[in-house]
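For reference, the structure is listed below as structure tokens.
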Amino acid sequence: QVQLVESGGGLVQPGGSLTLSCAASGGLFSIYTMAWYRQVPGQQRALVANIDNGGKANYVDSVKGRFTISRDIGKHMVFLQMNDLKPDDTAVYYCNAWASLVKGGQAQSPGHYWGQGTQVTVSS
């Protein structure tokens, strides 16, 4: 099992900044890509940004220029630096990993793993 734990959410005023962190732990595993998603009640969970092991990052258009995803591969951590936050950024943010468990020296089939989410609220 790959366990993901997010931190760094909270209440911030419009135009403010927050940095989200996600740490992966558990048994032996190999992570190939990591991502941040967000979800508003009543809406579908949507991709915000992802990053591969080579550092290539992708962003949803609405956060380009404001958010930066980064990764510490050795620590199995991913971060999301959020600047110039807007009320529409309010959501529960989820960490995601595309990863394989390693059992008996063998990599298992990869799958998606999710954290529990951290609330980000942007309000005056």
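Atoms considered below: every heavy atom in the structure, side chains included; atoms not considered: hydrogens, waters and symmetry mates. If you're wondering where the values come from, they're calculated on a predicted model, not measured in any experiment. Position 1 is the first residue of the sequence; numbering continues from there.
Minimum interatomic distance between Arg45 and Trp114 (heavy atoms only, all atoms of both residues): NH1-CE3, 3.3 Å. Here the closest non-hydrogen pair linking Val40 and Ala91 is CG2-CB, 3.9 Å. The minimum heavy-atom distance linking Ser21 with Met77 is given by the pair CB-CE, 4.3 Å.
Between the Thr90 side chain and the Val122 main chain, a donor and an acceptor come within less than 3.5 Å of each other. In this structure, Tyr93 contributes its side chain and Gly8 its backbone to no donor-acceptor pair below 3.5 Å. The closest donor-acceptor contact from the side chain of Asn53 to the backbone of Ile31 lies under 3.5 Å. Between the side chain of Ser100 and the backbone N or O of Gln108 there is at least one donor-acceptor pair closer than 3.5 Å.
Placement of Trp98 and Met34 in two distinct hydrophobic clusters is found when ILVMFWY residues are connected by side-chain heavy-atom separations under 4.5 Å, directly or transitively. By the criterion of side-chain heavy atoms lying less than 4.5 angstrom apart, applied directly or through intervening Ile, Leu, Val, Met, Phe, Trp or Tyr residues, Tyr94 is not grouped with Tyr113; the two fall into different hydrophobic clusters. There is no path of hydrophobic side-chain contacts, each under 4.5 Å, that joins Tyr37 to Leu85.
Contact of the Leu47 side chain with the Val60 side chain is not registered, since no non-hydrogen atoms from C-beta on lie closer than 4.5 Å. The shortest distance between side-chain heavy atoms of Phe79 and Asp72 falls below 4.5 Å. A heavy-atom distance below 4.5 Å is found between the side chains of Val63 and Arg38.
Screening Thr121, Leu11, Val120 for a side-chain contact (heavy atoms from CB on, under 4.5 Å) involving Leu18 leaves a single residue, Val120.
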- Message: Test side chain to side chain contact (heavy atoms under 4.5 Å, CB included) on Phe29 and Val102; report intermediate values, then the result.
- Response: CA-CA 5 Å; Phe29 54 83; Val102 179; 5.5 Å; no
- Walk me through it: do Leu20 and Phe67 pass the test side chain to side chain contact (heavy atoms under 4.5 Å, CB included)? CA-CA 11 Å; Leu20 305 183; Phe67 291 11; over 6 Å; no
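Salt bridge status for Lys86 with Asp89: absent, with no side-chain N to carboxylate O gap under 4.0 Å.
With values rounded to the nearest 0.5 angstrom, Gln106 atom CD is found 12.5 Å from Leu28 atom CG. Here the OH-CG distance, from Tyr59 to Asn50, works out to 9.5 Å after rounding to the nearest 0.5 Å. From Trp36, atom CH2 reaches atom CE of Met82 across 8.0 Å, with rounding to the nearest 0.5 Å. The structure places OG1 of Thr68 at 6.5 Å from CG of Asn83, a figure rounded to the nearest 0.5 Å. In this structure, the separation between OG on Ser17 and CD on Gln81 is 5.5 Å, given to the nearest 0.5 Å.
Applying the disulfide bond (SG atoms under 2.5 Å apart) test to every pair with at least one member in residues 30-81, sequence neighbours left out, gives no pairs at all. Applying the disulfide bond (SG atoms under 2.5 Å apart) definition to pairs two or more places apart or across chains, those involving residues 1-118 are Cys22-Cys95.
Gln116 CD: 12 or fewer foreign heavy atoms inside a 6.0 Å radius. With a 6.0 Å radius and a threshold of 12 heavy atoms from other residues, nucleotides or ligands, Asp88 has its CG atom at or below the threshold.
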